[in-house]
Amino acid sequence: MNIEQSNANIFKYSFDIVIERSTDQVWNLMFSKINDWWMNDFRALGEDSTVSLEPHTGATLLEKKENGESLEWYRVQMCIPGNSVYLVGYLAPDWGGPTTSMLKLALRKQGDATVLTVSDALLGNVSENAAKNAQSGWLDMFTNGLKAFAENG
């Protein structure tokens, strides 16, 4: 029998991405087309998985495969349609946790474009390097995934 103690840390980050589409279009793409812009490098279950998310409280950011394998990335804690969605997700010890991520995606109009603000707070067994990797991953996903799909797809 082994008991191990570790200290919890809190790291926060935030960044903006300008997307050359209306806020209504970006909001719609964030949810209805998530499987189309969610990058293969971020599919934990493999490239043949399906990613889904609905804009309402209690919905899940879910990755699943036809064989029944599934992963709940996040659960929607709060949704303000057309404006913002608050998500809470957990990282198991197998993946460096236990860690809780409180991710917020917020949209605001900027001329004819939309500014997506991504902010996250990580609590638990998380290092500065892990927080930087999370920030870098989400920046990649929302820039080379959502933004690229919205502007070129």
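Annotation for M141 and M39: closest pair SD-N, 3.6 Å, computed over non-hydrogen atoms. For the pair I34 and S52, the tightest heavy-atom approach, listed with the atom from each and the gap, is CG2-CA, 3.8 Å. Minimum interatomic distance between A131 and Y13 (heavy atoms only, all atoms of both residues): O-CE2, 3.9 Å. The shortest non-hydrogen separation linking A8 to L123 is CB-CD1, 4.5 Å. When all heavy atoms of S70 and L62 are compared, the closest pair comes out as CB-CD1, 4.3 Å.
Residue I17 holds its CD1 atom at 3.5 Å from OG1 of T143, rounded to the nearest 0.5 Å. To the nearest 0.5 Å, atoms CG (L61) and CH2 (W73) are separated by 7.5 Å. The line from CD of E47 to CG of N40 is 4.0 Å long, rounded to the nearest 0.5 Å. To the nearest 0.5 Å, atom CD of residue Q25 and atom NZ of residue K33 are 13.0 Å apart. Expressed to the nearest 0.5 Å, how far CZ of R43 lies from CG of L45 amounts to 10.0 Å.
In this structure the side chain of L53 reaches within 4.5 angstrom of the side chain of V76, judged on heavy atoms. Put simply, the side chain of N9 does not reach to within 4.5 Å of the side chain of S127, judged on heavy atoms. At a threshold of 4.5 Å between non-hydrogen side-chain atoms, the residues W37 and K147 do not count as touching. For the pair F142/L105, a side-chain contact is recorded, criterion being any heavy-atom separation below 4.5 Å from C-beta on. Using a 4.5 Å cut-off on side-chain heavy atoms (C-beta onward), L116 and V26 make no contact.
Counting only residues at least two apart or on different chains, the salt bridge (charged side-chain N to carboxylate O under 4.0 Å, His left out) pairs with a member in residues 54-83 are D48-K65, E72-R75. For residues 3-21, the set of pairs meeting the salt bridge (charged side-chain N to carboxylate O under 4.0 Å, His left out) definition, not counting sequence neighbours, comprises D16-R108. Sorted by first and then second residue, the salt bridge (charged side-chain N to carboxylate O under 4.0 Å, His left out) pairs with a member in residues 115-137 read E128-K132; sequence neighbours excluded.
Cluster membership for L139 and V18, using ILVMFWY side-chain heavy atoms within less than 4.5 angstrom, is not shared. In the hydrophobic clustering of this structure, M102 does not group with Y74; members are Ile, Leu, Val, Met, Phe, Trp, Tyr whose side-chain heavy atoms approach within less than 4.5 Å, directly or through other members.
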Can you list, pair by pair, the side-chain donor-acceptor contacts under 3.5 Å of residues 77-91, counting residues two or more places apart and other chains?
{"from": "Y86", "atom 1": "OH", "to": "K104", "atom 2": "NZ", "distance (Å)": "3.2"}

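A donor-acceptor pair under 3.5 Å is formed between the side chain of N125 and the backbone N or O of G97. Side-chain N or O atoms of T114 include one that pairs as donor or acceptor with a backbone N or O of T23 at under 3.5 Å.
In this structure, W38 has its ring center no closer than 6.0 Å to that of F42.
Under a cut-off of 6.0 angstrom, the local environment of CG in D112 is sparse, with at most 12 non-hydrogen atoms contributed by other residues, nucleotides or ligands.
In this view, F31 and W27 satisfy the ring pair (Phe, Tyr, Trp, His ring centres under 6.0 Å) rule, not counting sequence neighbours. The side chain to side chain contact (heavy atoms under 4.5 Å, CB included) check on D24 picks up S22, with sequence neighbours excluded.
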### Message
Before you tell me yes or no, could you show the steps for W138 and L103 under side chain to side chain contact (heavy atoms under 4.5 Å, CB included), namely the whole-Å CA-CA distance, both residues' side-chain angles and the distance that decides it to 0.1 Å?
### Response
CA-CA 10 Å; W138 286 126; L103 184 68; 3.9 Å; yes

